[in-house]
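These notes are about the structure you will find just below.
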Amino acid sequence: QVQLVESGGGLVQARGSLRLSCAASGSIFSINAMGWYRQAPGKQRELVAVLPSGGTANYADSVKGRFTISRGTAKSTVYLQMNSLKPEDTAVYFCNAVIRTRISDPFRYFWGRGTQVTVSL
């Protein structure tokens, strides 16, 4: 069993900041990439940022220059620093990780349950 648990969401005024955290735990052999997606009401889930192990972060154009993704020293945590927030950033934010649970298994995608971020005017 693998669990991804997000925290740090909440209500913030426009131009404010929030920091999301996600911790992976359970039967983990190795983690390839970790990232963040979001889903606004009535819209499809979209990529916000992804950070491959030992690689370069990729961001959605809509958040470039405002959001920063980083991994913890334990490599099983991922953070999303969100600055200059806009009302259009309002969504449920989901943590995602590409994990191999055993050396003989392929990498699989795992998801957290999501954390709500609401940005008011």
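Below, all heavy atoms of this structure are taken into account, side chains as well, without hydrogens, waters or symmetry copies.
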Which pair of non-hydrogen atoms, one from [X] and one from [Y], has the smallest distance, and what is that distance?
{"X": "Gly8", "Y": "Leu18", "value": "O-CD2, 3.8 Å"}
{"X": "Val92", "Y": "Gly114", "value": "CG1-CA, 3.8 Å"}
{"X": "Ser17", "Y": "Gln81", "value": "CB-NE2, 4.0 Å"}
{"X": "Val50", "Y": "Ala33", "value": "CG2-CB, 4.1 Å"}
{"X": "Val63", "Y": "Val48", "value": "CG2-O, 3.6 Å"}
{"X": "Ala14", "Y": "Pro87", "value": "CB-CD, 4.2 Å"}

Could you tell me if Asn32 and Ser53 have a donor-acceptor pair between their side chains, going purely by distance under 3.5 Å?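 The answer is no; no qualifying pair exists.
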
Transitive ILVMFWY side-chain link [X] to [Y], under 4.5 Å:
{"X": "Leu47", "Y": "Tyr109", "result": "yes"}
{"X": "Val119", "Y": "Phe94", "result": "no"}
{"X": "Tyr59", "Y": "Val117", "result": "yes"}
{"X": "Tyr37", "Y": "Leu20", "result": "no"}

Look up atom [atom1] in [X] and atom [atom2] in [Y], then write down how far apart they are to the nearest 0.5 Å.
{"X": "Glu46", "Y": "Gln39", "atom1": "CD", "atom2": "CD", "answer": "9.5 Å"}
{"X": "Trp36", "Y": "Tyr79", "atom1": "CH2", "atom2": "OH", "answer": "10.0 Å"}
{"X": "Leu85", "Y": "Arg66", "atom1": "CG", "atom2": "CZ", "answer": "6.5 Å"}
{"X": "Arg38", "Y": "Thr90", "atom1": "CZ", "atom2": "OG1", "answer": "9.0 Å"}
{"X": "Phe107", "Y": "Ser30", "atom1": "CZ", "atom2": "OG", "answer": "3.5 Å"}
{"X": "Ile28", "Y": "Gln3", "atom1": "CD1", "atom2": "CD", "answer": "10.0 Å"}

Arg102 to Phe29 six-membered ring, cation-pi geometry met (6.0 Å, 45°):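 Cation-pi check for Arg102 and Phe29: fails.
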
Tell me, with the steps shown, if Val5 and Ser25 meet side-chain contact (heavy atoms from CB on, under 4.5 Å). CA-CA 8 Å; Val5 179; Ser25 63; 5.7 Å; no

Side-chain touch [X]/[Y], heavy atoms, less than 4.5 angstrom:
{"X": "Arg15", "Y": "Ser84", "value": "no"}
{"X": "Thr56", "Y": "Asn58", "value": "no"}
{"X": "Arg71", "Y": "Ile31", "value": "yes"}

Do NZ/NE/NH1/NH2 and the carboxylate oxygens of Asp89 and Lys86 come within less than 4.0 Å? no

SB check Arg113 Glu6 (cutoff 4.0 Å):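 Looking at Arg113 and Glu6, the cut-off is not met.
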
Tyr93 and Phe67 aromatic ring geometry - parallel, tilted or perpendicular at 30°/60° bounds: tilted

Check this for me: Glu88, atom CD, are more than 12 non-hydrogen atoms of other residues, nucleotides or ligands nearer than 6.0 Å? yes

Ignoring hydrogens and angles, tell me if any N or O in the side chain of Arg100 forms a donor-acceptor pair with the backbone of Asp105 under 3.5 Å. yes

